[in-house]
Amino acid sequence: MKGTGLFTSRSLDSENRLISLTLPNLCFLFWFSHASIFSWQKIQGNKTSSLKLEPPFFASFCSPPRIKDEPDDDGFYASPKEDSKPLKRPREDDDFKTFFEEKGNIVACSDRFLLILQDSKAKKAKSKDKKVPEADKRKKPKKEEEQKWKWWEEERYPEGIKWKFLEHKGPVFAPPYEPLPENVKFYYDGKVMKLSTKAEEVATFFAKMLDHEYTTKEIFRKNFFKDWRKEMTSEEKSTITNLSKCDFTHMSQYFKAQSEARKQMSKEEKQKIKEENERLLKEYGYCVMDNHKERIANFKIEPPGLFRGRGNHPKMGMLKRRIMPEDIIINCSKDSKIPPPPPGHKWKEVRHDNKVTWLVSWTENIQGSIKYIMLNPSSRIKGEKDWQKYETARRLKKCVDKIRNQYREDWKSKEMKVRQRAVALYFIDKLALRAGNEKEEGETADTVGCCSLRVEHIKLHPELDGQEYVVEFDFLGKDSIRYYNKVPVEKRVFKNLQLFMENKQPEDDLFDRLNTSILNKHLQDLMEGLTAKVFRTYNASITLQQQLKELTNPDDNIPAKILSYNRANRAVAILCNHQRAPPKTFEKSMMNLQSKIDAKKEQLADARRELKSAKADAKVRRDEKSKKTVESKKKAVQRIEEQLMKLEVQATDREENKQIALGTSKLNYLDPRISVAWCKKWGIPIEKIYNKTQREKFAWAIDMAEEDYEF
DNA sequence: GCGGGTACTTAGAAACCGCGCT
DNA sequence: AGCGCGGTTTCTAAGTACCCGC
């Protein structure tokens with residue numbers, strides 16, 4: 001990997017799917033600089049693969065480099081929460097309110113809604129002309145003002161109030177069931193059987209999943225069959241008694257043919273579908289919240305189907321029933337145009353609660369939990385919250401040393417409860433574990449977080465591979481993703497763990513005197529707004545910032561710098577254990593890339609040969625023309641070298657990424673202002689780091705962060 | 001403290017789509 | 001023009017957190 005100066009070796013063993021990477025030496029000379037090998041395995045489903053990373057940059061987050069003393073407020077934007085004095089422009093909703101009062105009735109308001117939906121410019125003329133002072137108007141760009149609304153420059157609502165006006169069109173329901181054509185047969189025990197519409201619908205859910213591993217799982221089949229039978233007529237129920245005798249293959253083939261046909265559709269037909277979707281989005285995909293048109297994240301109601309829990313879920317295969325208008329609670333302003341239920345139906349309830357952000361809710365039948373329709377991440381209401389999250393994490397930065405000292409003290413406490421709390425917090429901080437709420441047994445897959453760790457999830461090694469006091473973690477976390485890690489800990493922690501495990505069974509709680517509520521209460525005392533998850537945000541963001549500092553080589557070209565960025569991002573993903581199944585086409589795409597590289601290498605060799613002969617030629621002829629030839633050949637070689645390097649960088653990046661998902665941390669844990677500042681500092685176009693959606697979500701950060709931003 | 005309920009964030013997989021290649 | 005690939009978008013499950021009444 002010449003050129004990048006970062007990468008020392010890479011090897012791929014396709015046999016056992018193990019990658020060993022020697023990452024650049026990012027070690028910190030601090031607590032964990034001796035840390036061991038970090039490895040994990042992914043065992044969701046029956047996939048098993050493992051990834052090893054050595055040496056230990058993953059642990060480095062615990063020791064942020066001493067950043068020169070922070071200008072206490074300089075560079076800090078007023079946090080959305082603590083900031084009480086109005087920063088910039090006042091909210092505009094009074095503008096709207098006035099308009100609204102002038103019209104004085106509901107129709108006026110929904111007129112406005114329609115106007116906004118149809119034409120934001122027209123709306124502009126109507127509402128703004130009356131109130132907005134000249135100066136203000138000139139300041140704003142004339143077009144697409146609605147999209148470029150800088151909510152982050154406006155005053156925020158007092159705590160608790162989420163909006164003052166909300167109008168929307170309600171949800172889009174799943175399309176009704178279309179019975180199968182007569183010629184598509186279902187067989188039971190080898191014989192054709194015509195199913196009732198209800199039973200048939202549920203059967204199609206199963207048929208559509210026939211190729212999926214789910215349908216081979218005992219629990220899935222059992223749950224499905226039980227719920228399916230509930231939908232059958234009594235005759236069907238008495239005939240169909242054994243799922244193994246059911247033959248869905250014809251149905252399955254039919255659906256495959258259907259989706260094939262869909263792919264083969266003509267351009268016009270595809271265009272028509274596209275337009276229909278756009279129409280739906282236009283009509284139902286937006287709402288008006290406080291004077292602004294905002295995108296809704298999920299305006300379509302989840303269609304019925306079979307529940308696909310992750311990991312070993314006891315409810316997999318159960319029937320997710322169809323949601324009807326009668327299940328739906330609508331939330332909107334009293335004075336808005338209330339969305340009408342579909343003809344012949346009623347809403348369950350219409351309420352006007354501006355202390356919450358959701359527009360629509362219903363109760364789902366598998367777990368009995370509530371589902372919501374809410375706004376897009378680009379909306380003010382989500383963006384403000386996101387911004388606030390990072391501000392809380394930055395406040396933690398200021399007191400994290402103190403908190404760390406505190407919990408280290410607490411390891412010695414004479415109170416068991418305090419010791420457990422302190423050790424758990426140490427894990428949350430050092431390993432970025434999740435809090436670990438209790439879960440109802442038998443209702444969900446058996447997964448744990450920090451506070452819910454059980455004795456069986458850790459092993460203590462007084463000595464392992466030449467290191468002292470090693471704790472071996474092995475448990476399933478969120479989404480049944482395996483967390484596997486061997487971590488050297490301080491002696492005191494180790495001794496405490498031994499104590500916590502004394503006289504316990506493997507299935508007993510490790511921290512029997514602790515839960516997330518106790519932990520969070522304690523954290524609240526240490527810093528306002530502090531909860532367990534803030535540590536994840538803080539450690540992720542500080543790691544990114546630090547890794548970017550370490551890895552970015554000023555002399556690198558743009559692709560190499562982006563590789564560095566991705567590596568910094570990767571360090572965070574590893575810290576947070578964000579794994580993915582290796583893409584199905586991984587090996588193949590890697591081979592393709594390799595052959596491209598080989599081709600490029602040959603091309604380079606050719607170009608070099610040509611250059612050489614051109615040089616020789618020039619030496620003999622000593623004329624202008626041959627000199628020029630040499631120059632152009634030189635250029636060609638350089639160009640090809642650059643292309644080759646780009647490809648090699650790409651290969652490296654992809655390979656290092658095989659089992660690591662960068663998206664989650666990028667979207668949820670990394671203060672976007674760090675990335676924006678990095679881009680500005682090194683002249684990297686922001687588009688190289690964030691795609692369109694991400695830029696929309698992080699518009700606030702892109703607008704406000706300068707090159708010198710410090711998390 | 002604790003059990004139930006609610007609101008909201010975080011998560012990986014699957015579906016989709018557009019673009020470059022043949 | 002059809003095809004495959006990779007990035008993007010959609011989907012919805014699975015977490016965290018906190019409230020309330022006892």
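Quick note on labels: first sequence line is chain A, next is B, and so on, each numbered from 1.
- Atom C1' of nucleotide C/dG15 and atom CG of A/Asp446 are separated by 15 Å, given to the nearest angstrom.
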Restricting to nitrogen or oxygen on both sides, can you table the protein-nucleotides 1-3 of chain C pairs closer than 3.5 Å?
none

Quick tally for nucleotides 17-22 of chain B: nucleotides whose base has a protein heavy atom under 4.0 Å get B, sugar-phosphate-only ones S, the rest -, giving -S----
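- Using a 4.0 Å heavy-atom cutoff across all strands shown, A/Gly663 reaches no nucleic acid atom at all.
- Across all strands, A/Tyr372 comes closer than 4.0 Å to base atoms (heavy-atom distances).
- Looking at heavy-atom distances under 4.0 Å, A/Lys162 makes contact with sugar-phosphate atoms alone, never a base.
- In this entry the distance linking CG of A/Leu667 with P of C/dT8 reads 12 Å, nearest Å.
- Judged by atom type and distance alone, A/Lys478 reaches the base of B/dT10 through a side-chain donor-acceptor pair under 3.5 Å.
- When rounded to the nearest whole Å, the span between CZ of A/Arg262 and C1' of B/dC16 equals 12 Å.
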Can you tabulate the close N/O pairs, meaning under 3.5 Å, that link protein atoms to atoms of nucleotides 5-7 of chain C?
unit_1	atom_1	unit_2	atom_2	d
C/dC5	OP1	A/Lys588	NZ	2.3
C/dG6	OP1	A/Arg654	NH1	3.0

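- Listed by chain and number, the residues in a salt bridge (charged side-chain N to carboxylate O under 4.0 Å, His left out) with A/Asp598 amount to none (sequence neighbours excluded).
- Around atom CD of A/Glu178, no more than 12 heavy atoms belonging to other residues, nucleotides or ligands sit under 6.0 Å away.
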Between the protein and nucleotides 17-19 of chain C, list the N/O to N/O atom pairs that are separated by less than 3.5 angstrom.
unit_1	atom_1	unit_2	atom_2	d
C/dA17	OP1	A/Thr531	OG1	2.8
C/dA17	OP1	A/Ala532	N	3.2
C/dA17	OP1	A/Lys533	N	2.7
C/dA17	OP2	A/Asn520	ND2	3.1

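- In this structure, the OH atom of A/Tyr483 is 17 Å from the C1' atom of B/dA11, given to the nearest Å.
- Within 4.0 Å of A/Thr444, counting heavy atoms only, lies no atom of the nucleic acid at all.
- Take A/Arg421 and apply the salt bridge (charged side-chain N to carboxylate O under 4.0 Å, His left out) test, not counting sequence neighbours, and it matches A/Asp410.
- Atom C1' of nucleotide B/dT10 and atom NZ of A/Lys389 are separated by 8 Å, given to the nearest angstrom.
- Each of A/Ile381 and A/Ala661 lies near DNA chain B, and the nucleotide nearest A/Ile381 is the one positioned closer to the 5' end.
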